2 protein chains.
Amino acid sequence: MSNDERANRVPTSDDVALLAGVSRSAVSRTFTAGASVAPATREKVISAAKTLGYRVNFLARGLSQQRTNLVALIVSDMDNSLRARTVDHLARGLATLGFRPLLLPTEPGEDVGYLIDMMLNYNVNGTIVTSDTPPAEIAQECAAYGVPLVLINKPEVGTHVSNVSIDTATAGRLAAEELARVGCKRIAIASQRRASHTIAQRKAAFIATARSLGLDIVGDFQGSVQNYGGGAEAAEAFIASCIEVDGVYCVNDFMALGFLDQLRRLSDLRVPEDIKLVACDDIAEAAWQSYDITSIRQDPKAVADAAIAALSKRIEEPEAAQPHVIIPVTLIRRRTTGASDPI
Amino acid sequence: MSNDERANRVPTSDDVALLAGVSRSAVSRTFTAGASVAPATREKVISAAKTLGYRVNFLARGLSQQRTNLVALIVSDMDNSLRARTVDHLARGLATLGFRPLLLPTEPGEDVGYLIDMMLNYNVNGTIVTSDTPPAEIAQECAAYGVPLVLINKPEVGTHVSNVSIDTATAGRLAAEELARVGCKRIAIASQRRASHTIAQRKAAFIATARSLGLDIVGDFQGSVQNYGGGAEAAEAFIASCIEVDGVYCVNDFMALGFLDQLRRLSDLRVPEDIKLVACDDIAEAAWQSYDITSIRQDPKAVADAAIAALSKRIEEPEAAQPHVIIPVTLIRRRTTGASDPI
DNA sequence: ATGAAAGCGCTAACAC
DNA sequence: GTGTTAGCGCTTTCAT
């Protein structure tokens, strides 16, 4: 009843072979990269395939080739715009290379078992993790089943695993140097109670550099989560403490947004006149007029590309070394450290 | 050389059958929902599977069952936080029902052909589209190959397709009513030059209601894109026009953020004292202190759930009717229409 | 270069 | 309830 006579069944390579008057093998070869088919044959096959609307069934192909080209993307915190952007880049990059991303969202507290089931049930050829809870369990299963694994911004967990991380040491250092540069002496930190791996690292690097530059770190005010709300909490704690500072380091931009807003609402302190502020990540929101935050930029596309490169290398050469790739960061000066208001 | 003696090969149902001393069918039945296996047999199989680390290969299962449980998620604009959130809900909801989302990002201008290849190459059992460009071509291919399709916030495209949309009529109406309620008379609209489907609809509804309430719509200022930057552009156009208004309708929150920021920077007009503002979507950022925007809330989880429900119903009963599901919206009053500043 | 045949891992009739 | 058999759609030796 459709406008198309062959609508009721998806055509198979047999159908194409029949129509083209060749064998199924010829069809297969026509659609295989390094094939060896006579131009004439190939031509017949192509045209038959076109009229039938034939497409290779990758799942069947995967079954015989032991290669599905499916890649599991284990993701948490998708409402973090930086995360979402990274996932977007990952999915696009993977697609370009012929891989297909299976999106597996997860929450910090959630059961990891189902993720492992998914990876293994669907025979993924690789896994990229960019969730906040670094599941050692996943690494273990991947190792046991020989699934290449790439961790983004996670601690190293073994030799079977590739890591891609931003340069947290430089990120922390640049932030401290910037606060010193603009004359800060007494610094407060706004951070998260249960800091994630990279956050803890950049914070440690910040503290080390700050000390070496003679900055006093007079308080560490923490929010329960590393987002806008957490930043607001940190600001409340800071204001309640009545500690005087001339500079603040926020461990990420989201917290900085909340911190700034709450500071404005609950105090008369002005940024940057009374307090300078540096944050980290340079998400799009950091550049918004109402905030205009000096931040340490990380490039989510570079991170995604490196992760994909590491993964596909692992897939091609399973025994290759697993380097830890470090993605560089750069300081972006804005109004919160006195850079002139852009017009 | 691994810490695990069977590391070199993924166990198959044959391995399990052998170890359990049963047939492969028994293994299959043990892992099939409505099976009929003797408890003793099942027990043996389960334990053998556990010691071997066996998992059903869903791809092989899909091959024989004609059902992969893979669902294509065609997504654009992942850096829109509302979109990201919707995708997150979609992925989780699908996972709960045993479906696996294949993430296929796309850009408005991009070639749709590769998406279709992907859907068909991987034999997806369904497709959900939440990109901004509504590819009629996708709908056509889905129909031709019998792939159930659900469109989110897209125009209706045919009877084979399910639609899930927010209630744009109410969204537009509520916005106009709110501006009228707070005493506005002369209204400007901030919108996008090439409006997406729902944006165009909500705007039309807004205009209709505004007229019926006696509001004057004295200008429609447009940005090139429907995000922060586009809102800023709209504000610039508005300010340059020197048209006086006492109310502004922004077609979405992202534009409202940019509009407000640019208004603050380029003019002395204050919101809400001089101008009231209503936007749409109620994204998280709308509630941020620096903006605190009255908005029309849409619930991305409700949208995702409805889309999944529609899809899974379609998958179970391919011939079922394709209703257009409308998701309700609600007005959230905040400071930009004079709601008291929350503490 | 091409076809025949075996097999990827699984499920589903079908007999027992 | 269980094993046997055939087959899902494809790739890949192996002959030719």
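These numbers were taken from a predicted model, which means no experiment stands behind them. Quick note on labels: first sequence line is chain A, next is B, and so on, each numbered from 1.
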Enquirer: What nucleotide among dG3(C), dG9(D), dC10(C) has an atom nearest to a side-chain atom of Tyr54(B)?
Expert: dC10(C)
Enquirer: Output yes when a side-chain donor or acceptor of Arg67(A) lies under 3.5 Å from a complementary backbone atom of Asn125(A), and no otherwise.
Expert: no
Enquirer: Is there a donor-acceptor pair closer than 3.5 Å between any side-chain N or O of Glu317(B) and the backbone N or O of Ile315(B)?
Expert: no
Enquirer: Identify whether any heavy atom of Arg42(A) sits under 4.0 Å from a base atom; if not, whether one sits that close to sugar-phosphate; answer base, sugar-phosphate or nothing.
Expert: nothing
Enquirer: Look at the side chain of Arg24(B) and decide which nucleotide, out of dC10(C), dG3(C), dC10(D), has an atom nearest to it.
Expert: dC10(C)
Enquirer: Answer with base, sugar-phosphate or nothing: what part of the nucleic acid does Phe31(B) contact at a heavy-atom distance below 4.0 Å?
Expert: nothing
Enquirer: Just by modelled atom types, is the Ile152(A) backbone N or O under 3.5 Å from a matching donor or acceptor in the Lys154(A) side chain?
Expert: yes
Enquirer: How many Å lie between CZ on Arg61(A) and P on dG9(C), as a whole number?
Expert: 18 Å
Enquirer: Of the listed nucleotides (dC10(D), dA1(C), dG9(C)), which one gets closest to any side-chain atom of Ser36(A)?
Expert: dA1(C)
Enquirer: State which of dT2(D), dC10(C), dG9(D) makes the closest approach to the side chain of Val56(B).
Expert: dC10(C)
Enquirer: Describe the nucleic acid contact of Val27(A) in one word from base, sugar-phosphate, nothing, applying a heavy-atom distance below 4.0 Å.
Expert: nothing
Enquirer: Using the side-chain heavy atoms of Val37(A), tell me which of these nucleotides is nearest: dC8(C), dG3(D), dT2(C).
Expert: dT2(C)
Enquirer: To the nearest angstrom, how far is Asn69(B) atom CG from dC8(D) atom P?
Expert: 20 Å
Enquirer: Side chain of Thr32(B): nearest nucleotide among dT11(C), dG9(C), dG3(D)?
Expert: dT11(C)
Enquirer: Checking contacts here: which listed nucleotide (dG3(C), dT11(C), dG3(D)) is nearest the side-chain heavy atoms of Ser23(A)?
Expert: dG3(C)
Enquirer: Could you check which of dA13(C), dG9(C), dG1(D) has an atom nearest any side-chain atom of Asn57(B)?
Expert: dG9(C)
Enquirer: Can a donor-acceptor pair be found, under 3.5 Å and without considering hydrogens, that links the side chain of Asp77(B) to the backbone of Asn80(B)?
Expert: no
Enquirer: Are any of Gln65(B)'s side-chain N or O atoms less than 4.0 Å away from OP1 or OP2 of dC10(C)?
Expert: no
Enquirer: Of the options dT11(D), dG3(D), dT2(D), whose atoms approach the side-chain atoms of Thr41(B) most closely?
Expert: dT2(D)
Enquirer: Closest to the Arg29(A) side chain: dT11(D), dT2(D), dT2(C)?
Expert: dT2(C)
Enquirer: OP1 or OP2 of dG9(C) sitting under 4.0 Å from any side-chain N/O of Gln66(A)?
Expert: yes
Enquirer: Okay, side chain of Arg42(A), backbone of Arg29(A): is any donor-acceptor separation there less than 3.5 Å?
Expert: no
Enquirer: Quick one: label Ser25(A) by what it contacts on the DNA or RNA (base, sugar-phosphate, nothing), any heavy atom closer than 4.0 Å.
Expert: base
Enquirer: Look at all strands and tell whether Ser13(B) reaches a base, only sugar-phosphate, or nothing, counting heavy atoms closer than 4.0 Å.
Expert: sugar-phosphate
Enquirer: Rounded to whole Å, please give me the gap between CZ in Arg67(A) and P in dG9(C).
Expert: 17 Å
